Protein chains: 2
Amino acid sequence: MKKKRISITDIAQALQVTPSTVSRALNGGGKVSEKKRQEIISLAKKLGYRPNPIAKSLLENRTNTIGLILPEFTHHFYSRVLAGIESVTSQAGYQLLICTSNENQNQEIKSTLTLLDARVDGILATISKMNDKFEHIQEVMDSGTPLVLVDRFSEEIETPYVISDDFKGAFSAVDYLCQIGCKNILHIKGPDNLSTTFNRFMGYKEALRKHEIEVKEELVLESSDPKLVEKIRFCLGDLHADGAFTYSDYLAFEIYKLAAELKITIPEELSVIGYADEPISTYINPTLSTVNQQPFEMGAMSANYLLNKINDSASPLEASRVDTKLILRESCRKMDG
Amino acid sequence: MKKKRISITDIAQALQVTPSTVSRALNGGGKVSEKKRQEIISLAKKLGYRPNPIAKSLLENRTNTIGLILPEFTHHFYSRVLAGIESVTSQAGYQLLICTSNENQNQEIKSTLTLLDARVDGILATISKMNDKFEHIQEVMDSGTPLVLVDRFSEEIETPYVISDDFKGAFSAVDYLCQIGCKNILHIKGPDNLSTTFNRFMGYKEALRKHEIEVKEELVLESSDPKLVEKIRFCLGDLHADGAFTYSDYLAFEIYKLAAELKITIPEELSVIGYADEPISTYINPTLSTVNQQPFEMGAMSANYLLNKINDSASPLEASRVDTKLILRESCRKMDG
DNA sequence: CTGTTAGCGCCTTCAA
DNA sequence: TTGAAGGCGCTAACAG
């Protein structure tokens with residue numbers, strides 16, 4: 001049984017004043033005689049009075065709450081994004097209401113409505129992968145609720161977003177591989193239709209172009225390819241790939257396995273760079289070089305954008321790409337090697 | 001600028017009736033002429049009316065919101081707990097308000113107050129590791145807000161909890177090692193003062209006892225020991241350990257490294273079992289056997305307890321230990337080996 | 001069947 | 001300096 005919390009009127013009655021007076025005394029706003037103010041404040045403290053934010057919300061039409069929609073929390077990446085967001089919002093005194101979309105558009109739509117119904121002051125969202133409908137997003141914008149997209153965006157949505165700079169991330173990785181002398185660099189692409197897949201592939205190509213290395217089709221594989229394993233084997237063995245850049249760290253592990261099978265040593269004969277800096281990367285042998293996307297910073301930055309937009313609705317439409325960091329570990333030869 | 005949402009009174013005015021009538025029509029409760037009901041419903045739909053839950057909260061003194069306090073989200077374990085909780089609460093139509101304690105008691109206290117202020121209908125919490133003060137927890141209970149502890153509990157707190165059965169988990173692992181014929185089983189303990197460390201150690205000892213194997217002090221190490229690496233080397237080399245059970249998967253990886261260094265083959269000469277079933281376990285070579293704690297189920301179960309308690313304040317004080325699952329992978333010899 | 005009244009807890013005029 | 005009144009959006013009790 002939930003106990004009744006003590007309210008402003010309880011204090012007022014006890015002190016034979018009106019609720020208005022108590023309110024003024026507690027909020028410092030109006031003028032209250034110093035004596036009464038002290039009386040009220042001390043009684044409030046004694047009784048453990050805590051204002052009811054719900055009543056205030058009703059009045060002020062704001063909830064001090066931010067809604068968050070993420071596809072899932074299980075991947076390290078999103079849990080770091082969440083941590084970054086949480087650190088900023090809690091610092092700013094906002095609550096965080098979370099929803100999961102499970103990469104399912106219907107759930108995303110449902111979550112959006114839930115958050116809108118809850119009258120959150122703003123929404124942070126990672127739209128699900130296969131997003132073809134945007135009415136729910138439009139609805140958010142129509143409602144005047146500030147919205148910031150995280151990690152993924154769509155050109156059809158005119159709202160601030162914070163994404164990772166996949167192009168640069170991929171470029172920096174492949175550029176490094178070229179610099180240490182790799183000539184035959186394998187790339188395993190990610191899932192189709194994802195802008196990240198596309199951008200990382202672009203970064204790969206651009207780095208090769210910079211170093212005047214031709215892009216060989218046989219060295220570019222698709223992670224969804226049922227014959228992926230055989231093809232990797234072919235690239236490592238017959239094509240003598242001396243470098244590999246993969247869409248994810250997990251794909252890099254596949255390369256590890258096949259390299260071991262083919263007795264190809266990493267990094268002496270093959271330098272490998274993955275993507276995402278999964279915690280695993282430091283635990284496998286040799287430790288994996290990878291591209292860190294700074295997900296915590298991404299979350300924090302998007303939360304800051306949102307808070308700005310909430311507090312100043314005229315704030316400019318910001319959009320940014322968070323820089324990636326190339327993390328070099330044992331899986332790559334050294335620059336001077 | 002947040003747009004004014006359309007309210008029950010807007011509809012009432014447009015239709016020349018009173019808000020009460022609209023309320024009744026929409027909630028099906030009282031009697032309203034079928035004609036008016038249809039009019040009202042259709043206008044509400046047309047205008048995109050959605051009830052304001054804040055107003056309802058104020059009235060009903062419930063928010064349909066559950067508060068969650070976790071130490072952090074970054075570890076796979078907690079992100080799975082969170083996922084489990086989320087799946088249950090969202091299914092039940094509750095919102096989830098989340099706070100982080102960062103294993104810091106002051107932050108935990110602050111979060112607790114925040115949630116209490118927010119008038120959540122119930123709280124799920126993993127109390128921080130070093131917990132010596134329980135006033136804030138007591139305050140939650142005094143307030144009548146249902147509380148369920150997750151993953152960790154204290155005997156000083158009389159409230160339902162859901163924790164993992166560390167004893168059984170450890171027992172099952174070491175029992176298996178004994179069954180496949182290991183005689184010298186190394187154990188690396190977790191951080192001091194943690195009940196999980198203690199319970200897993202107990203499980204280890206009990207399994208040895210069952211198989212009439214003596215517990216050798218030299219084979220029990222502490223993860224915090226600065227000389228841990230040397231000691232492991234001594235156990236594997238000089239003491240010819242043929243089995244290892246570690247407090248965490250990460251500690252198991254340390255064993256992997258040293259076994260490789262000492263040219264000890266896993267699983268032929270040494271069988272290893274970790275704890276937690278980190279995603280990494282399936283990516284290292286050989287894949288790691290481990291104890292899965294079913295964190296998702298743990299989260300789901302605790303959320304269910306909480307919902308029960310919310311809906312029936314007289315519900316019995318439930319407490320349970322979630323069963324663990326021994327996951328056998330390549331790092332252990334087979335039973336018939 | 002429908003309107004009136006009152007109130008959830010708080011704050012903000014407006015009067016006194 | 002303080003009190004009274006009104007209202008945020010909604011519902012419930014009571015009239016009519």
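The sequence lines fix the lettering, A, B, ..., with proteins before strands; numbering per chain opens at 1. We use all heavy atoms of the structure for the numbers below, so side chains are in, but hydrogens, waters and symmetry mates are not. No experiment lies behind these values; they were computed from the predicted model shown.
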Would you say a side-chain N or O of B:Thr21 is under 4.0 Å from OP1 or OP2 of C:dT2?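 It does not, given that no N or O in the side chain of B:Thr21 lies less than 4.0 Å from OP1 or OP2 of C:dT2.
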#### Entry: B:Lys36 side-chain N/O to C:dT2 phosphate OP1/OP2 under 4.0 Å
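True: B:Lys36 side-chain N/O within range (under 4.0 Å) of C:dT2 OP1/OP2.
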Original post:
Taking the nucleotide of DNA chain C with the closest heavy atom to each, which residue, B:Leu58 or B:Ser33, is nearer the 5' end?
Top reply: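 Checking each residue's closest nucleotide, the 5'-ward one belongs to B:Ser33.
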Inspect the contact between B:Glu60 and B:Arg62 and indicate whether a charged nitrogen and a carboxylate oxygen are less than 4.0 angstrom apart.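 Result for this pair is yes, salt bridge flagged.
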### Task
Figure out the CD/C1' separation between A:Gln13 and C:dG9, and round it to whole Å.
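Rounded to whole Å, this separation is 13 Å.
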- Query: Whole Å only: how far is the CG atom of A:Leu26 from the P atom of C:dG9?
  - Reply: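 One finds 15 Å between P of C:dG9 and CG of A:Leu26, rounded.
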Item to check | Greater than 12 external heavy atoms within 6.0 Å of B:Gln38's CD | outcome: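 Yes, enclosed.
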Near B:Lys35 NZ, under 6.0 Å, is it more than 12 heavy atoms from other residues, nucleotides or ligands?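 No, because the 6.0 Å sphere around NZ of B:Lys35 holds 12 heavy atoms or fewer from other groups.
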Q.
To check you understand the geometry: which heavy-atom pair defines the closest contact between B:Ile54 and A:Ala118, and what is its length?
A.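 For B:Ile54 versus A:Ala118, the nearest heavy atoms are CD1-O, 4.3 Å.
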Give each protein N/O atom lying under 3.5 Å from an N/O atom of nucleotides 10-14 of chain D, with the pair distance.
unit_1	atom_1	unit_2	atom_2	d
D:dC10	OP1	B:Tyr49	OH	2.6
D:dC10	OP1	B:Asn52	N	3.1
D:dC10	OP2	B:Ile8	N	2.5
D:dT11	OP1	B:Asn27	ND2	3.3
D:dT11	OP2	B:Ser23	OG	2.8
D:dT11	OP2	B:Asn27	ND2	3.3
D:dA12	N6	B:Ser20	OG	3.2
D:dA13	N6	B:Arg24	NH1	3.3

Q. Without hydrogens or angle criteria, can the side chains of A:Thr114 and A:Ser111 be said to hold a donor-acceptor pair below 3.5 Å?
A.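 Absent: no donor and acceptor within the cut-off.
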Can you run down the side-chain hydrogen bond (donor to acceptor under 3.5 Å, both in side chains) pairs that involve residues 77-90 of chain A, sequence neighbours left out, and say none if there aren't any?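 Found A:Tyr78-A:Asp151, A:Tyr78-A:Arg152, A:Arg80-B:Thr74, A:Glu86-B:Thr100.
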